[in-house]
Amino acid sequence: MDRSADPVKKQINIYLEDRESPASIEPGTTVQELLGQVNKRLQKEAVAARVNGELADLTLPLYEDAEVEVVTFEDEEGAEVYRHTASHVMAQAVKRIYDKTQLGIGPAIQSGFYYDFDLDEPLSPEQLPQIEETMEQIIKEDLPIERMELSREEAMELFRERGEKYKVEMIADLPEGEVISCYRQGEFIDLCTGPHLPSTGKLKTFKLLNLAGAYWRGDESKPMLQRIYGTAFPKKKMLDEHLQRLEEARKRDHRRLGRELELFSLHEEGPGFPFYHPRGMIIRRELESFWREEHRRAGYHEIETPMILDRSLWEQSGHWEHYKENMYFTRIDDRDFSVKPMNCPGAMLVYKAGMYSYRDFPLRLAEMGLVHRHEKSGTLHGLMRVRSFTQDDAHIFMLPEQIEGEVAGIIDLVDRFYRVFGFAYHIELSTRPEKSMGTEEMWERATAALQNVLEKRGLDFKINEGDGAFYGPKIDFHLQDCLGRTWQCGTIQLDFQMPEKFDLTYTGQDGQRHRPAMIHRVVYGAMERFFALLVEHYGGAFPLWLAPVQAVVLPITDRHHAYAKEVRDRLLSEGMRVELDDRNEKVNYKIREAQVQKVPYMLVVGDREVEAGTAALRHRGEGDLGPVPLEDILRMLREEIDGKKVK
RNA sequence: GCUCACGUAGCUCAGGAGGUCAGAGCGUAUCCUUGGUAAGGAUAAGGUCACCGGUUCAAAUCCGGUCGUGAGCUCCA
């Protein structure tokens, strides 16, 4: 852009949003100065601007007529600018304390920021306050932040001189002809596309949260840098609220609720191998029976295949070659066996046990298959990431022209399931990874087929290059946990390999043998992961149909025990999960415990209820509902259960 | 697997510059209390302070290793 002032033009016109007429200013006025002239409040709130649609610094001088939009912290990109500046201030502070620090990268992320450092000494959490203090100092200095545009050579020279080897590496990788920009604040310079706040003093409150290691460029073979995470807000109150929200989220953590509600446990004796307790088991079985019902309706047939199978099968499927490091092995009668890490080879054998015609297609074989995978120790996470889990798997064998219809059917099925639980989800399409089998042409065809269905249905999706399975591309469905981390649940994987490897055939209309196409798919994904996400989603307060204990009967004194038992038995006979709390405690105490355990309904019975044949109904969320005749209670609960209502 | 941190009764956590430091609350058991919508009272039981090794007269406390857990990275349902 030509930044020299136009000698002919004395004034330029700037069009601001929400203003009828343009502001007339002198060329060279910065966005910030302009805002000062027209709207002081906006000037104060602005963190960046959009000039003719392009995100820019407030310090950008304007030389031509332009449209200017103000970007504040409230805008997503405004928050990013704000926090990105916070990450620079943090980097500056770290460099002030440890001058040999080499900088990695330091972007803004969802609700915060981080910066990666290469330091000689390991950082420990005790050092964070010191870094925070230095950051406060830098903010107090209110250093102006200036943008500099450099040539590739200048930039190289600058960062080489400063000993920033990672920055030099980044510059070397920038495409030719790209404008290289840097930002300077006091003695600190960083390679950065910006934009940034106009000065360090604009930063109000921030907090450094945690430390972690992170490989340079996310590559395991590259050095590990030290990453500091933090967050920043324009108001102390917003920061406090954010920290409060994090605290609340931790209360929903499935690992915590799993223990408190006695759903499951994990033990040192079996890292990553979960134990289901009676209450967790009820939820799991409910999920499974819902699943069976829906799958029967959707035309699936259920099968079960063995957990341990001969080595030759895994060699044939390609797992021996491509998945060995994740597999468990055993030896029986001098033969090598493997514990199944996936259900597909077993399903192949089921298919091969019969003869199929094109008329049998699509053939949908479903399996609740328990698989074992030797995941790296550092990746284990409660029930979200475990080493043994049950996949609600299915393998669909079909004609090539049935692929798109089947994929569409699965997308509908997944959507139906997630809706029942009220889950929001996002979709990703993963393409061919480096370590994979099959021809380029096969991959292209398969990927195009998946993409086609998504596009036809107008679904938003993100493409994950090289993230597919070794046998084919896939569509993944992701859900969020209590902290907003996303987890892959449902997946649809197209596979042209397995039918080849197992020489699967069907008889076509022409009487000849042909190769079927195949899809692997899961809806819940892994029962363990889905269960964990459900716990966090509901914060432990499961809808009635899933609640391990649906109702508890609370007699007020011993003389009400007989009637309480009657009430309990009546509910039991209607198939409800009900308990009787006849402990020698006050009703307040029993109610509190039922609330803490998030039991949906409490039936309090005393003299009045015995007399009238009612129960004083209390809902964990709605409180006291007053006396209700037993038969009405039964009807209400039945309706709520059958409707899978979320209450 | 990697980086950093953590590991004390079933749970949540105090304590710990090496020596009356094995503590609290919740929970559990027993007894008293029979009480109407979120904790009634008393008493008691419970831990070789993750495990192994080292330093020391003495280790829960210091050092090393192992295992497990957490946050992230890598990888994945």
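Computed from a prediction, not measured in an experiment: that's the story for all the values here. Only this structure's heavy atoms are used, side chains among them; waters, hydrogens and symmetry mates stay out. All chains are named by letter (A, B, ...) in the order of the sequence lines, taking the proteins before the strands, and each is independently numbered beginning at 1.
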Ring pair (Phe, Tyr, Trp, His ring centres under 6.0 Å) assessment of A:Phe233 paired with A:His242
CA-CA 9 Å; A:Phe233 289 89; A:His242 180 252; 5.2 Å; yes
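- With respect to the salt-bridge test (charged N to carboxylate O, under 4.0 angstrom), the residues A:Glu169 and A:Lys165 do not qualify.
- Side chain A:Tyr215 to base B:G72: no donor-acceptor pair is found below 3.5 Å.
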Could you check A:Arg432 against A:Asp467 for salt bridge (Lys or Arg N to Asp or Glu O under 4.0 Å), going step by step and ending with a plain yes or no?
CA-CA 6 Å; A:Arg432 180 168 199 167; A:Asp467 233 17; over 6 Å; no
In dot-bracket form, how is RNA chain B paired, counting a Watson-Crick or G-U wobble pair only if both its distances are under 3.5 Å and using | for bases paired to another strand?
(((((((..((((.....[...)))).(((((.......))))).....(((((..]....))))))))))))....
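- The side chain of A:Arg259 contributes an N or O atom lying less than 4.0 Å from OP1 or OP2 of B:U12.
- Looking at the side chain of A:Glu375, the nearest of the listed nucleotides B:U74, B:C73, B:C76 is B:C76.
- Using a 4.0 Å heavy-atom cutoff across all strands shown, A:Arg256 reaches no nucleic acid atom at all.
- In this structure, B:G46 is classed as syn because its glycosidic torsion stays within 90° of zero.
- Distance, A:Glu121 CD to B:C4 C1': 14 Å, rounded to whole Å.
- Here A:Met527 lies out of heavy-atom contact (under 4.0 Å) with every strand.
- For A:Lys222 and B:C2, the shortest distance from a side-chain N or O to OP1 or OP2 is not below 4.0 Å.
- Looking at heavy-atom distances under 4.0 Å, A:Arg250 makes no contact with the nucleic acid at all.
- A salt bridge links A:Lys340 to A:Glu367: at least one charged side-chain nitrogen sits closer than 4.0 Å to a carboxylate oxygen.
- A:Asp412 has no carboxylate O lying under 4.0 Å from a charged side-chain N of A:Arg416, or vice versa, which leaves the two without a salt bridge.
- With both ends at atom P, the span from B:U43 to B:A38 equals 28 Å, rounded to whole Å.
- Using a 4.0 Å heavy-atom cutoff across all strands shown, A:Val386 reaches at least one base atom of the nucleic acid.
- A:Phe117 and A:Tyr115 have their aromatic ring centers within a separation under 6.0 angstrom.
- Under a 4.0 Å N-O distance rule, the pair A:Glu260/A:Arg256 qualifies as a salt bridge.
- Atoms CD (A:Gln391) and C1' (B:C76) sit 11 Å apart, rounded to a whole Å.
- Nucleotide B:C2 holds its C1' atom 12 Å from the CG atom of A:Asp219, rounded to whole Å.
- Aromatic rings of A:Tyr601 and A:His619 (six-membered ring for Trp) have centroids within the 6.0 Å cut-off, being under it.
- Counting non-hydrogen atoms under 4.0 angstrom, A:His267 reaches nothing in the nucleic acid.
- Within 4.0 Å of A:Tyr229, counting heavy atoms only, lie sugar-phosphate atoms of the nucleic acid but no base atom.
- Residue A:Gln488 places no side-chain N or O under 4.0 Å from the OP1 or OP2 atom of B:C76.
- Spacing between B:G7 and B:C63 at atom P, rounded to whole Å, works out to 13 Å.
- Regarding A:Leu380, its CG atom lies at a distance of 15 Å from the P atom of B:C76, rounded to whole Å.
- For A:Ile105 and B:C73, the CD1 to C1' distance is 12 Å, given to the nearest whole Å.
- Judged by closest nucleotide on RNA chain B, A:Gly218 is the one of A:Cys489 and A:Gly218 placed further toward the 5' end.
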Just by protein heavy atoms under 4.0 Å, how would nucleotides 36-49 of chain B read 5' to 3' in B, S and -?
BBBBB---------
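- Comparing the P positions of B:C4 and B:G47 gives a spacing of 36 Å, expressed to the nearest Å.
- Rounded to whole Å, the separation between the C1' atoms of B:G46 and B:U28 comes to 9 Å.
- Comparing the same atom, C1', in B:C62 and in B:U30 gives a spacing of 44 Å after rounding to whole Å.
- Counting only heavy atoms from C-beta on, A:Met224 has its side chain closest to B:C73 among B:C76, B:A5, B:C73.
- Only the C1' atoms considered, B:U66 is 26 Å distant from B:A22, to the nearest whole Å.
- Taking the charged nitrogens against the carboxylate oxygens, A:Glu593 and A:Lys590 have no contact shorter than 4.0 Å, which rules out a salt bridge.
- With respect to the salt-bridge test (charged N to carboxylate O, under 4.0 angstrom), the residues A:Glu302 and A:Arg292 qualify.
- Note on A:Arg521: every side-chain N or O is 4.0 Å or more away from OP1 and OP2 of B:A77.
- A donor-acceptor contact closer than 3.5 angstrom links the side chains of A:Thr431 and A:Glu465.
- One can place CZ of A:Arg227 at 17 Å from C1' of B:A5, the figure rounded to the nearest angstrom.
- Taking atom C1' in both B:U20 and B:U12, the straight-line distance is 27 Å, to the nearest Å.
- For the side chain to side chain donor-acceptor pair (under 3.5 Å) with A:Asp476, the lone residue among A:Gln493, A:His426, A:Gln488 that qualifies is A:Gln488.
- A salt bridge does not link A:Arg387 with A:Glu528: every distance from a Lys NZ or Arg NE/NH1/NH2 to an Asp or Glu carboxylate oxygen is 4.0 Å or more.
- Rounded to whole Å, the C1' atom of B:A77 lies 26 Å from the corresponding atom of B:U3.
- In this structure, A:Ile228 places its CD1 atom 13 Å from P of B:A5, rounding to the nearest Å.
- Close to B:U34, at under 4.0 Å from its OP1 or OP2, lies no side-chain N or O of A:Arg559.
- If you measure from atom CZ of A:Phe273 to atom C1' of B:G68, you get 14 Å, rounded to the nearest angstrom.
- Among the protein residues, A:Leu266 comes within range of no part of the nucleic acid, since none of its heavy atoms lies under 4.0 Å from any strand.
- With the nearest nucleotide of RNA chain B identified for both A:Arg529 and A:Gly272, A:Gly272 has the one nearer the 5' end.
- Dashed line: the shortest gap from a side-chain N or O of A:Arg385 to OP1 or OP2 of B:G70 is not under 4.0 Å.
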